[in-house]
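Read through the structure below, which is laid out as structure tokens, and then see the notes.
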Amino acid sequence: AQDAVRSTIELVADVWAGYDRPRGPAGAQVTREIETLVQRSEIPDIDPSGGDVGEQFLGHVVDHPGLLALVRSLAADIHFGTVNHCLYDPAKAKCGNAAEPLLGACQPERCANVLIAPANLRVFEDSLEEIETFTNQRNVPAAQAALLQRRAVDLRRLTHTDPEDA
């Protein structure tokens, strides 16, 4: 539970600071929620000389109960995985409709619940590079290249999800 709270604080603080936003459909949703609440709370901008972003953000959370409620709510709702995270809604899930997400069965390119933290984005970028390298080889069967190219389109859409586009 402490790891989830710590990860949530980092996620919210990074959005507040204007750093990279989480990606994926749920990432866009979470970003909108954070930005709306931060704007409504009128917390000051990050102080570039003020040290750690997370610590600065925590200082503001104490003064703004709405921010604390958001952090608690997100920490309870986000299921943190190794490669991607899940803002689980069983109705939108592609991994099944169990009470909890099946992160090991996640299909991030197809699921509306997926949230990719900026720190995890490189995994998806590496997959895109591997697909490009493989499909540019001469001996790749056309059917396999077509499948991989469709996956690349899905991965690009997933990793470029912006709150304004969702």
Side-chain angles (χ1 to χ4, degrees), residues 1-38 46 52-54 57 70-166:
Q2 283 183 334
D3 287 341
V5 171
R6 188 175 306 114
S7 295
T8 302
I9 289 169
E10 288 174 12
L11 188 73
V12 176
D14 284 351
V15 172
W16 164 67
Y19 295 160
D20 275 343
R21 299 169 169 182
R23 307 290 175 90
Q29 174 188 338
V30 166
T31 298
R32 278 192 307 274
E33 290 176 25
I34 295 167
E35 288 176 340
T36 299
L37 191 57
V38 164
I46 182 174
D52 182 68
V53 172
F57 180 74
L70 176 68
V71 168
R72 283 182 176 159
S73 173
L74 288 175
D77 292 344
I78 297 174
H79 299 268
F80 290 91
T82 305
V83 175
N84 57 272
H85 311 312
C86 180
L87 186 65
Y88 192 61
D89 177 353
K92 297 178 185 176
K94 296 296 180 189
C95 63
N97 58 2
E100 296 288 318
L102 304 172
L103 290 171
C106 184
Q107 300 174 40
E109 304 95 40
R110 307 238 181 278
C111 188
N113 293 329
V114 72
L115 183 152
I116 302 171
N120 296 13
L121 189 57
R122 189 72 209 149
V123 172
F124 295 90
E125 291 169 343
D126 287 347
S127 292
L128 281 166
E129 288 175 17
E130 288 176 11
I131 289 170
E132 185 176 314
T133 299
F134 187 75
T135 55
N136 286 334
Q137 295 177 8
R138 282 185 268 159
N139 60 347
V140 176
Q144 190 170 17
L147 276 172
L148 288 170
Q149 288 167 348
R150 277 192 297 251
R151 180 155 192 256
V153 167
D154 291 341
L155 284 170
R156 278 189 202 91
R157 184 178 60 248
L158 175 68
T159 58
H160 290 92
T161 304
D162 193 295
E164 286 82 31
D165 298 337

Looking only at heavy atoms, what is the nearest atom pair of [X] and [Y], with distance?
X      : Y      : result
Leu87  : Ala26  : CB-CB, 3.7 Å
Ala93  : Tyr88  : CB-CE1, 3.6 Å
Cys111 : Pro25  : O-CG, 3.8 Å
Cys95  : Leu102 : O-CD1, 3.1 Å
Cys86  : Pro101 : SG-CB, 3.8 Å
Ala75  : Ala4   : O-CB, 3.9 Å

Exercise for review: Kindly say whether Thr82 contributes a backbone atom to a donor-acceptor pair with the side chain of Asn120 at under 3.5 angstrom?
Suggested key: yes
**Study point:** Side chain Asn136, main chain Glu132, donor-acceptor under 3.5 Å
**Key:** yes
Review point. Does a salt bridge link Arg6 with Asp3, judged by any charged N lying under 4.0 Å from a carboxylate O?
Key: yes
Check your understanding: Is any side-chain N of the basic residue among Asp126 and Arg122 closer than 4.0 Å to the acidic one's carboxylate O?
Key -> yes
Exercise for review: Evaluate side-chain contact (heavy atoms from CB on, under 4.5 Å) for Glu35 paired with Val15, printing each intermediate quantity in order.
Suggested key: CA-CA 7 Å; Glu35 288 176 340; Val15 172; 3.8 Å; yes
If I take atom [atom1] from residue [X] and atom [atom2] from residue [Y], how far apart are they, to the nearest 0.5 angstrom?
X      : Y      : atom1 : atom2 : answer
Ile78  : Leu74  : CD1   : CG    : 4.5 Å
Glu130 : Glu125 : CD    : CD    : 12.5 Å
Glu109 : Asn84  : CD    : CG    : 9.0 Å
Asn113 : Gln29  : CG    : CD    : 8.5 Å
Thr31  : Leu11  : OG1   : CG    : 7.0 Å
Asp14  : Ile9   : CG    : CD1   : 12.0 Å

Quick check: do [X] and [Y] have side-chain heavy atoms less than 4.5 Å from each other?
X      : Y      : value
Arg157 : Asp154 : yes
Leu103 : Phe80  : no
Thr36  : Glu33  : no
Leu155 : Pro108 : no

Exercise for review: Over 60° means perpendicular and under 30° means parallel, so classify the ring planes of Phe57 and Trp16, tilted if in between.
Suggested key: tilted
